[in-house]
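Worth knowing before you read on, the calculation uses all heavy atoms, side chains too, and leaves out hydrogens, waters and symmetry mates.
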Amino acid sequence: MKFANQEYLFLLLLIIPYLLWYVLYRKKTEPTLRMSDTFAFRYAPKSWKVRLMPLQLLLRILVFVLVVLILARPQTSNSWKSNKYVG
């Protein structure tokens with residue numbers, strides 16, 4: 001498989017700074033709440049939204065990779081041969 005615009009593949013390098021920014025920024029924006037005792041919340045069930053939060057980052061990166069691949073325009077070298085049917 002060849003790419004018509006190979007220079008767009010360099011955009012995949014932007015994933016590295018995005019991951020660094022995500023890790024550093026996420027620590028600063030976690031909500032904090034002062035409570036006298038958090039023992040009651042230790043065994044509280046987690047909602048499905050909380051459990052799927054790490055999946056957001058993975059999906060964003062996957063979409064970015066797919067968009068970059070679309071911009072690079074993959075090309076195949078195989079071509080269909082037209083055979084004439086004699087019947």
query = Transitively linked via ILVMFWY side-chain contacts under 4.5 Å: Tyr22 with Val63?
reply = yes
task = Please round to the nearest 0.5 Å and tell me the distance separating atom CD of Gln75 and atom CZ of Phe3.
result = 9.5 Å
note = Residue set satisfying side-chain contact (heavy atoms from CB on, under 4.5 Å) with Leu66, at least two apart, ordered chain then number -> Leu62
query = In terms of hydrophobic clustering (I, L, V, M, F, W, Y; side-chain heavy atoms under 4.5 Å; direct or indirect links), are Leu71 and Met1 co-clustered?
reply = yes
request  = Return the set of residues passing side-chain contact (heavy atoms from CB on, under 4.5 Å) with Thr76 (not counting sequence neighbours), or none when no residue passes.
outcome  = none
For the student: nearest non-hydrogen atoms of Leu19 and Ile61, plus distance = CD2-CD1, 3.4 Å
ask   = Under 3.5 Å, is there a donor-acceptor pair between the side chain of Gln6 and the main chain of Ala4?
value = no
ask   = For Pro74 and Leu69, which heavy atoms make the closest approach, and how far apart are they?
value = CD-O, 3.3 Å
inquiry  = Could you tell me if the side chain of Arg60 sits less than 4.5 Å from the side chain of Tyr18, heavy atoms only?
reply    = yes
ask   = Is Leu58 isolated, or which residues cluster with it under the ILVMFWY side-chain rule of less than 4.5 Å, directly or via members?
value = Trp48, Leu52, Leu55, Leu59
ask   = Do Ile15 and Phe10 belong to the same hydrophobic cluster, where Ile, Leu, Val, Met, Phe, Trp and Tyr are linked whenever their side-chain heavy atoms lie under 4.5 Å apart, directly or via other members?
value = no
note = The side-chain contact (heavy atoms from CB on, under 4.5 Å) partners of Ala44 (sequence neighbours excluded) come to none
message = According to side-chain contact (heavy atoms from CB on, under 4.5 Å), who are the partners of Leu14, at least two apart in sequence or on a separate chain?
response = Leu11, Phe64
message = According to a hydrophobic-cluster definition based on side-chain heavy atoms being under 4.5 Å apart (Ile, Leu, Val, Met, Phe, Trp, Tyr only), do Leu12 and Trp21 belong together?
response = yes
ask   = According to a 4.5 Å side-chain heavy-atom criterion applied to Ile, Leu, Val, Met, Phe, Trp and Tyr, with indirect links allowed, do Tyr25 and Leu57 form part of one hydrophobic cluster?
value = yes
